[in-house]
Amino acid sequence: QVQLVESGGGLVQAGGSLRLSCAASGRSISTSYMGWFRQAPGKEREFVGGISFTGRSRIDADSVKGRFTISRDYARNTEYLEMNSLKPEDTAVYYCAASKTPIPTTNFDYWGQGTQVTVSS
């Protein structure tokens with residue numbers, strides 16, 4: 001079993017930056033495919049992007065391409081989401097997720113509780 005805990009959310013002004021962290025415990029996630037999701041009020045959950053066990057990352061959400069970056073630290077067993085040039089429409093609860101396998105997917109096995117990101121205008 002894997003437990004995931006997000007941190008780093010908060011209130012920022014438009015144009016600002018924020019780094020979210022997802023710390024994993026229970027076992028190493030070094031061979032797991034990991035990802036980030038977000039969900040704004042009244043909207044469906046959106047897949048932001050993922051990162052493979054080899055460190056290859058990609059952003060799937062067109063609205064954040066060029067602004068968000070996913071990375072991971074194997075020694076710390078942690079996944080990160082770097083968010084730059086934040087916009088009010090980025091306001092959402094952000095969730096990290098991990099798969100039991102290294103295969104890229106949007107069907108994840110483990111989920112964090114989420115962290116709120118609010119971007120003011």
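Just so it is clear, the values below take in all heavy atoms, side chains as well, and ignore hydrogens, waters and symmetry mates.
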What is the minimum heavy-atom distance between [X] and [Y], and which atoms define it?
| X | Y | answer |
| --- | --- | --- |
| I70 | R58 | CD1-O, 4.1 Å |
| P88 | A14 | CD-CB, 4.1 Å |
| E6 | G114 | OE1-N, 2.8 Å |
| I51 | R72 | O-NH1, 3.5 Å |
| G35 | F108 | N-CE2, 3.7 Å |
| A24 | I29 | CB-CG1, 3.6 Å |

Transitively linked via ILVMFWY side-chain contacts under 4.5 Å: [X] with [Y]?
| X | Y | value |
| --- | --- | --- |
| L86 | V93 | no |
| L81 | F53 | no |
| L18 | V48 | yes |
| V12 | M83 | yes |
| Y110 | L20 | yes |

Side-chain donor/acceptor of [X] to backbone N/O of [Y], under 3.5 Å:
| X | Y | value |
| --- | --- | --- |
| T78 | D73 | no |
| Y74 | G55 | yes |
| N77 | R27 | yes |

Working to the nearest 0.5 Å, report the span between [atom1] of [X] and [atom2] of [Y].
| X | Y | atom1 | atom2 | answer |
| --- | --- | --- | --- | --- |
| S17 | R67 | OG | CZ | 10.0 Å |
| S25 | Q3 | OG | CD | 4.5 Å |
| F68 | I59 | CZ | CD1 | 8.0 Å |
| S57 | M34 | OG | CE | 13.0 Å |
| T106 | D60 | OG1 | CG | 8.5 Å |
| N107 | T105 | CG | OG1 | 5.0 Å |

* Asked: Is it the case that more than 12 heavy atoms not belonging to L11 sit under 6.0 Å from its CG atom?
  -> yes
* **CD (E82) with more than 12 external heavy atoms under 6.0 Å** => yes
* Asked: For the ring pair F47 and F37, is the centre-to-centre distance below 6.0 Å?
  -> yes
* To do: Determine, for D90 against K87, whether the closest basic-nitrogen to carboxylate-oxygen distance falls under 4.0 angstrom.
  => no
* Can you find a heavy atom in the side chain of Y33 that is under 4.5 Å from one in the side chain of P104? -> yes
* Hey, are the side chains of C22 and W36 touching, using non-hydrogen atoms and a 4.5 Å cut-off? -> yes
* To do: Kindly indicate whether a cation-pi arrangement holds for R38 with Y94, taking the cut-offs as under 6.0 Å to the six-membered ring centre and within 45° of the axis.
  => no
